[in-house]
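The block underneath contains the structure these notes are about, expressed in structure tokens.
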2 protein chains.
Amino acid sequence: MNETSQLGFALLGLLHQQPMSGYDLRKVFTTTAMAGFSDSPGAIYPALNRLAKGGLVRGAVEKTGSLRTRRVFANTPAGTAALKAWLELPVTRQDVVRGVDLLLLRFAFMDQTLGPVQSTRFLKEFVAAIESYIAELRQFHNLYGNSMPTSGRLAFECGLQQNASYLKWAQSSIAVYQKRKGTK
Amino acid sequence: MNETSQLGFALLGLLHQQPMSGYDLRKVFTTTAMAGFSDSPGAIYPALNRLAKGGLVRGAVEKTGSLRTRRVFANTPAGTAALKAWLELPVTRQDVVRGVDLLLLRFAFMDQTLGPVQSTRFLKEFVAAIESYIAELRQFHNLYGNSMPTSGRLAFECGLQQNASYLKWAQSSIAVYQKRKGTK
DNA sequence: AATGTCATGTAACTAGTTACATGATTTA
DNA sequence: TAAATCATGTAACTAGTTACATGACATT
């Protein structure tokens, strides 16, 4: 019934790292350009209020002698649970087709929330999904590549190359976790 | 006053290649997953109507003896002009930060609409934007890389690698146009 | 006759964008 | 004291999502 938006999950993920105000969250979006989220107050404050209404975050007015209001938000246990559930979702083909950015965002939060074992599982699912997608793209390219206009074909090949790059990254990231496991 | 949405430009680009019905356009989105656009009729038909109202496309009911209605849309001169204006926009830093997908979409339409000279210009602008963005990302990585959680750092490095891949692609694409120019 | 695909559309809802508004505090 | 930044918010608009609705035509 109470669906949380992509932005909502991004906020939950950031608040899991440390409690922050809406303004702080905005700054994160302006400075780091996370997954292309907007830093507009018209997006963030309503999103925070929705989360608060759904009981996923709790905002406390900070009182440091200053009159200036500043609401610091933190995840509630329900919020943390919602975040975890989101992070634990399997990697679907749709996720890969419609924007890897969101998957990367999930992965970025994963280590601190679910730990290295789950992060590795995620990467392996990601590898499988990307591999099958690449195969599909290659097939399409073989069939229609010649009939495409030059820039169209090049743009398509860019997509292919990007996915190959994702694959390489995921594989080397799995290796990072493997090595870390060994040294611990 | 009459802003055209991203989806609107995607439709103009497709219709520039050949006139199509809304259903045909939907199929393009389902089968080729262009830039993550939705194939829902609730998005495409209203978008087409908006374009028609703005005088950018014209829909003609096809009469092939069949009773089944089928409106085939084609760009008007104004529509083609709007498409060209969109394709001719300079490549900004914002374009690179918030989703290269849209730039790639523009590039995909470019050859047939503006020709190879403009396509090359676009690629060079793209290279410049990406290079400066990569430099910024590297700097950020040097400063904060060590303080990031493992998966967060890896996700960031994925972004870096992706941009490096874009850069490589753009440079080799410029070479494709250069070579083509030579042989013609 | 039933199912599937072609083909178009609408209604209710959701959420994001732009722009505005307000006021406290800090810095030049 | 003027300007910048901290900090929060709202209002109007836009457009996309989901789900529903309709009906013609083709295939089995």
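Naming: A, B, ... by sequence-line order, numbering from 1 per chain.
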Report summary line: Rounding to 0.5 Å, atoms CG (A/L154) and OG (B/S172) come to a distance of 7.5 Å
Report task. Give the rounded distance in Å between these two atoms: CZ of B/R70 and C1' of D/dA26. Result -> 16 Å
Report task. Under 4.0 Å between any heavy atoms, over every strand shown, what does B/S38 touch: base, sugar-phosphate, or nothing? Just pick one. Result -> sugar-phosphate
Requested in this report: Identify which nucleotide among D/dT17, D/dA15, D/dT10 has an atom closest to any side-chain atom of A/P46, counting heavy atoms from C-beta outward.
Outcome: D/dT10
Query - Inter-residue atom distance B/D39.CG - B/K27.NZ, 0.5 Å rounding - result: 12.5 Å
Query raised in the report: For the side chain of B/A43, counting heavy atoms from C-beta on, which of D/dT8, D/dT17, C/dT17 is nearest?
Result: D/dT17
Query - A/L83 side, atom CG; A/L56 side, atom CG - distance, nearest 0.5 Å - result: 10.0 Å
Query raised in the report: When you check the phosphate oxygens OP1 and OP2 of D/dG16, does a side-chain N or O of A/R98 lie under 4.0 Å from one of them?
Result: no
Query raised in the report: Which nucleotide in the set D/dG16, C/dT8, D/dT8 lies at the smallest distance from any side-chain heavy atom of A/P41?
Result: D/dT8
Query - Whole-Å distance separating the CZ atom of B/R71 from the C1' atom of C/dG9 - result: 10 Å
Requested in this report: To the nearest Å, give me how far apart CZ (A/F9) and P (C/dG16) are.
Outcome: 12 Å
**Report entry** Where B/H16 and B/Q112 come nearest, the two heavy atoms and their spacing
**Finding:** NE2-O, 3.7 Å
Query - Heavy-atom pair with the smallest gap, counting every atom of A/E88 and A/R106 - result: C-NH2, 4.3 Å
Requested in this report: Round to the nearest Å and state the distance from A/F37 atom CZ to C/dA15 atom P.
Outcome: 13 Å
Query raised in the report: How do B/N49 and A/L7 order along DNA chain C: which one's closest nucleotide is nearer the 5' end?
Result: B/N49
Requested in this report: Search all heavy atoms of A/A170 against all heavy atoms of A/F126 and return the closest pair with its distance.
Outcome: CB-CD2, 3.6 Å
Report task. Please report the shortest heavy-atom distance between B/V96 and B/V100, naming the atom on each side. Result -> O-CG2, 3.7 Å
Query raised in the report: Just how far, in rounded Å, is P of C/dA7 from CG of B/D39?
Result: 15 Å
**Report entry** Degree of bending in the helix from C/dA1-D/dT28 to C/dA28-D/dT1 once both end axes are built from five pairs, to 10°
**Finding:** 30°
**Report entry** Residue-phosphate contact under 4.0 Å: B/S5 side-chain N/O, D/dG16 OP1/OP2
**Finding:** yes
Report summary line: Of the candidates D/dT17, D/dT8, C/dA15, the side chain of A/T69 sits closest to D/dT8
Query - Nearest-nucleotide pick for A/R50, side chain only, options being C/dA19, C/dG9, C/dG16 - result: C/dG16
Query - Distance, rounded to the nearest Å, where B/E3 contributes CD and C/dG16 contributes C1' - result: 16 Å
Query raised in the report: Looking at residues 19-27 of chain B, who's got a heavy atom less than 4.0 Å off DNA chain D?
Result: none
Query raised in the report: With distance as the sole criterion, is a donor-acceptor pair present between the side chains of A/R58 and A/T76 under 3.5 Å?
Result: no
Requested in this report: Report the distance from atom CD1 of A/I44 to atom P of D/dA7, rounded to the nearest whole Å.
Outcome: 14 Å
Report summary line: Atom OH of A/Y45 and atom P of C/dA21 are separated, to the nearest Å, by 18 Å
Query raised in the report: Contact class for B/S40 (heavy atom, under 4.0 Å): base, sugar-phosphate, or nothing?
Result: base
Query raised in the report: Among side-chain atoms of B/H141 and B/E157, is any donor-acceptor pair under 3.5 angstrom?
Result: yes
Query raised in the report: Would the number of heavy atoms belonging to other residues, nucleotides or ligands and lying under 6.0 Å from CD of B/Q6 be above 12?
Result: no
